[in-house]
Amino acid sequence: MQLLSEQELLRRQKLDELRNLGIEPYPAELFEVNVSAEDIQKNYERRKIDYKDISIAGRIMGVRVMGSAAFLELQDATGRIQTYFRRDDLCPTEDKTLYNTVFKRLLDIGDIIGIKGYVFTTQTGEITIHVTEFKLLSKALRGLPIVKREIDEQGNEKVYDAFENPELRYRRRYVDLIVNPEVRETFRKRTRIVKVMRDFLDDKGYLEVETPILQPLYGGAAARPFKTHHNTLDMTLYLRIANELYLKRLIVGGYDGVYEFAKDFRNEGMSRFHNPEFTQVELYVAYKDYNWMMDLVEEMVEKIAIALHGSTQVKVGENVIDFKRPWKRFTMYGAIQHFTGVDVAKMDEAEMRVAAEKLGIRTDDSMGRGKLIDEIFGEHCEKKLIQPTFIMDYPVEMSPLAKKHRSEKGLVERFEAICNGKEICNAYSELNDPIDQRKRFEEQLELGKRGDSEAMLLDEDFLRALEHGMPPTAGLGMGIDRLAMIMTNSNSIQDVLFFPQMKPEPKTENATTEDYKAVGVREDLIQVVMKLGYLTIEELKKANANKLHNDVCGMRKKMKLENVKNPTPEEVAAWLA
RNA sequence: GAAUCUGUAGCUCAGCUGGUAGAGCAUAACACUUUUAAUGUUGGGGUCCCGGGUUCGAGUCCCGGCAGGUUCACCA
């Protein structure tokens, strides 16, 4: 049972009043819409004749009543439009109920209405709909945060009473989307990113596929999984951490290009860059290598920037990032030399450990050469790479699915694109030598035995697929969330996920309607009893009967519940019996 | 996991060295037929996140918890 605020109670009373007037607050039939707010704003001035008989629906976002005329802000999916209501138009006869009562008193900010009318321009120059008919389509029982916006002389928008509490915004994204238009826009951009990619990959003739999310073995990345159980098969299943191994099986099967936009799940820490479920696009193309893939990534991301911003330049925080091709390319050794002045290429593990210590890295004996390189890079290079940059040729130890470098010993043909100090994609010339692949898996198993909880498992069926022969293949994984953060200038992954993962809201342990009824409290009095602070039956039972009767009658009056009858003293005494 | 900040009206936030809880918006009533953060007047509205403690007295101080933000760690 919810404890309702004054404003919520009032709106419920309005619901009854509407029904008493014969108005259904939640009508079943459709409302024909023939125009959008954006359409009117954009095209009215040029084609006035087309806006003489319009029908539009949306949410009331603001009301300015001036006696027998009123302005009301209507918001639909495309934006806002001002509407003008005049009593004498809506109520040509003596009966002014429709305007005075229904419109002025029973409609609220947040309600969804449909209107018919014609467009005109007010004296102050605002394009406005003169309303000839309106219909309530859905009554809102909760008030919205009222965000007010003003455009100053410089054309800058000033926002008053912004709805910006992050917890509420994420938990109640529907409210966030209603009152913060820039949030709606962010998610439109996110969808646009995916659409541009999909069109780009489809144009090249690659096949969009779906592969299992529930996997008997998790693989394709180094991460801890979520574990679940299938009852009928009585077996453990894991939510995928990547789909790499399945897509490669499809390349073995003879498709020469496959891709999937995949939700992946990793049971690890959360931060402004990490959500337990996130989206990646993975792409595998036969007969290509990582050099070819770098060109593709540049081309695709440049296209996305242009599609979203009309330019290759994107403002992200303090920086302007330019995605214009070609991007800078460094080998990992080259990047380390460039940023630290240290040439690690020829060092063995011992020399490198010394070098790392000198660069302020805490090392220990478990760290091999690959790990040391990765630490140095992470500490001294990655954060400094603001403009999009490819880092190529990683140590073999960290890349068990990548092909050995064609000329450099100890390295693999792998690259990441770094942008704004963070990885946005990861790609290899894929390892297709089944014997080498088995060896690499075995090394991972060894790491797992030594306690690395993220070491990869050996996937025997995947190896069998490789043994059938996989063509040389270039593979790519690109994080959609991270890319969306950059492309929408968002500081947190939570701002590009509609419903980021949160701990559940603490439960209120109030008694239920049934609990109250069980001790004899009439349903319409429950609100009153709760308002008095008796939120559990236990507390209620402790009350003094006379005082409780007095309090209930007083509170009923205070809450202006005219339709609710006061309880008799005997009735109240019976609750406590 | 650690550090740190935050939690007060439907929303955004004040609240000093502890003394009966405040503003703006929203809401209610009245006025107002082209306003736009509409305006004017008058009201109502609070489990100060939860639980302990100190105190004559706690929104405020102390301890513990819950939720959230940020940074770090982890996570390629």
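The chains referred to below are lettered A, B, ... by the order of the sequence lines, with proteins before strands, and numbering in each begins at 1.
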Qualifying residues under salt bridge (Lys or Arg N to Asp or Glu O under 4.0 Å), relative to Asp481(A), sequence neighbours excluded: Arg190(A)

Under-3.5 Å donor-acceptor pair between Glu150(A) side chain and rU36(B) base: no

rG46(B) - base-pair partner by Watson-Crick or wobble geometry, distances under 3.5 Å: none

Between rU33(B) and rU39(B) - C1' atom distance, rounded Å: 15 Å

Within-4.5 Å side-chain heavy-atom neighbours: Leu136(A) and Leu107(A): yes

Who pairs with rG24(B) - Watson-Crick or G-U, where each distance is under 3.5 Å: rC11(B)

Short side-chain N/O contact to rA38(B) OP1/OP2 from Lys148(A), under 4.0 Å: yes

Residue Leu10(A), side-chain atoms from C-beta onward, closest of rC74(B), rU27(B), rA29(B): rU27(B)

Separation between the P atoms of rC25(B) and rC61(B), rounded to whole Å: 30 Å

Whole angstrom value for the distance that separates P of rA76(B) from CD of Glu379(A): 17 Å

rU60(B): pairing nucleotide in any strand, Watson-Crick or G-U under 3.5 angstrom: none

Where protein sits on nucleotides 5-13 of chain B, one letter per nucleotide: B base, S sugar-phosphate only, - none, heavy atoms under 4.0 Å: -----BSBS

Glu375(A) bridged to Lys371(A) by N-O distance under 4.0 Å: yes

Minimum-distance nucleotide to Ser492(A) side chain [options: rA76(B), rU70(B), rU34(B)]: rU70(B)

Salt bridge Lys139(A)-Asp108(A), side-chain N to carboxylate O under 4.0 Å: yes

Closest-nucleotide ordering on RNA chain B, the 5'-leading residue of Asp108(A) and Thr122(A): Asp108(A)

Side-chain H-bond candidate by donor/acceptor type, Glu413(A) with Ser429(A), under 3.5 Å: yes

Close aromatic pair by centroid cut-off 6.0 Å: His380(A) and Phe339(A): no

Interface with RNA chain B, restricted to residues 83-97 of chain A and to heavy atoms under 4.0 Å: Tyr84(A), Arg86(A), Asp88(A)

Touch class at under 4.0 angstrom, heavy-atom based, for Lys14(A) against every strand present: sugar-phosphate

C1' gap between rC49(B) and rG68(B), integer Å: 11 Å

Whole angstrom value for the distance that separates C1' of rU36(B) from CG of Leu74(A): 15 Å

Sugar-phosphate only, base, or nothing, as touched by Glu382(A) at under 4.0 Å among non-hydrogen atoms: nothing

Watson-Crick or G-U wobble mate for rC30(B), both contacts under 3.5 Å: rG40(B)

All salt bridge (Lys or Arg N to Asp or Glu O under 4.0 Å) counterparts of Glu17(A), not counting sequence neighbours: Arg105(A)

Sugar-phosphate only, base, or nothing, as touched by Glu416(A) at under 4.0 Å among non-hydrogen atoms: sugar-phosphate

Set of residues satisfying side-chain contact (heavy atoms from CB on, under 4.5 Å) with respect to Thr186(A), sequence neighbours excluded: Thr488(A), Ser490(A), Val496(A)

Presence of salt bridge, Arg142(A) and Glu8(A), under 4.0 angstrom: yes

Main-chain N/O of Tyr428(A) paired with Lys403(A) side-chain donor or acceptor, under 3.5 Å: no

With sequence neighbours excluded, residues passing salt bridge (Lys or Arg N to Asp or Glu O under 4.0 Å) with Asp374(A): none

Whole-Å gap separating P (rU34(B)) and CD (Gln82(A)): 12 Å

All side-chain contact (heavy atoms from CB on, under 4.5 Å) counterparts of Leu445(A), not counting sequence neighbours: Leu458(A)

Worked check of salt bridge (Lys or Arg N to Asp or Glu O under 4.0 Å) between Glu357(A) and Arg353(A): CA-CA 6 Å; Glu357(A) 290 280 359; Arg353(A) 181 163 289 119; over 6 Å; no

Whole-Å distance separating the CZ atom of Arg171(A) from the C1' atom of rC66(B): 11 Å

Between rG59(B) and rC48(B) - C1' atom distance, rounded Å: 5 Å

C1' spacing across the pair rA37(B) / rA58(B), given as an integer number of angstrom: 38 Å

Spacing of the P atoms in rG10(B) and rU6(B) (rounded, Å): 22 Å

P spacing across the pair rG64(B) / rA23(B), given as an integer number of angstrom: 36 Å

With sequence neighbours excluded, residues passing side-chain contact (heavy atoms from CB on, under 4.5 Å) with Ile112(A): Arg59(A), Leu137(A), Ser138(A)

Options rA76(B), rG68(B), rU35(B), nucleotide nearest the side-chain atoms of Lys503(A): rG68(B)

Watson-Crick or G-U wobble mate for rC72(B), both contacts under 3.5 Å: rG1(B)

Verify stack between Tyr160(A) ring and rA37(B) base, 5.5 Å, 30 degrees: yes

Sugar-phosphate, base or nothing in reach of Arg169(A), heavy atoms under 4.0 Å: nothing

Stretch residues 59-66 of chain A: residues that reach within less than 4.0 Å of RNA chain B through a heavy atom: Arg64(A), Val65(A), Met66(A)

Near-strand residues of residues 123-131 of chain A, defined as heavy-atom separation under 4.0 angstrom from RNA chain B: Gln123(A), Thr124(A), Glu126(A)

Short side-chain N/O contact to rU36(B) OP1/OP2 from Arg149(A), under 4.0 Å: no

Atom C1', compared across rG40(B) and rU55(B): separation rounded to whole Å: 47 Å

Thr97(A) and Asp95(A) side chains, donor-acceptor separation under 3.5 Å: yes

Distance in angstrom units between Phe273(A) CZ and rU70(B) C1', rounded: 12 Å

Residues forming a salt bridge (Lys or Arg N to Asp or Glu O under 4.0 Å) with Arg172(A), sequence neighbours excluded: none

Ser68(A) side-chain proximity, nearest of rU33(B), rA67(B), rU36(B): rU33(B)

Partners meeting ring-ring contact (aromatic ring centres under 6.0 Å, His included) with Phe71(A) (sequence neighbours left out): Tyr84(A)

Rounded distance (Å) that lies between atom C1' of rU35(B) and atom CG of Leu72(A): 12 Å

Met270(A) CE to rC72(B) P, straight-line distance once rounded to whole Å: 17 Å

Separation of atom CD in Glu17(A) from atom P in rA28(B), rounded to whole Å: 11 Å

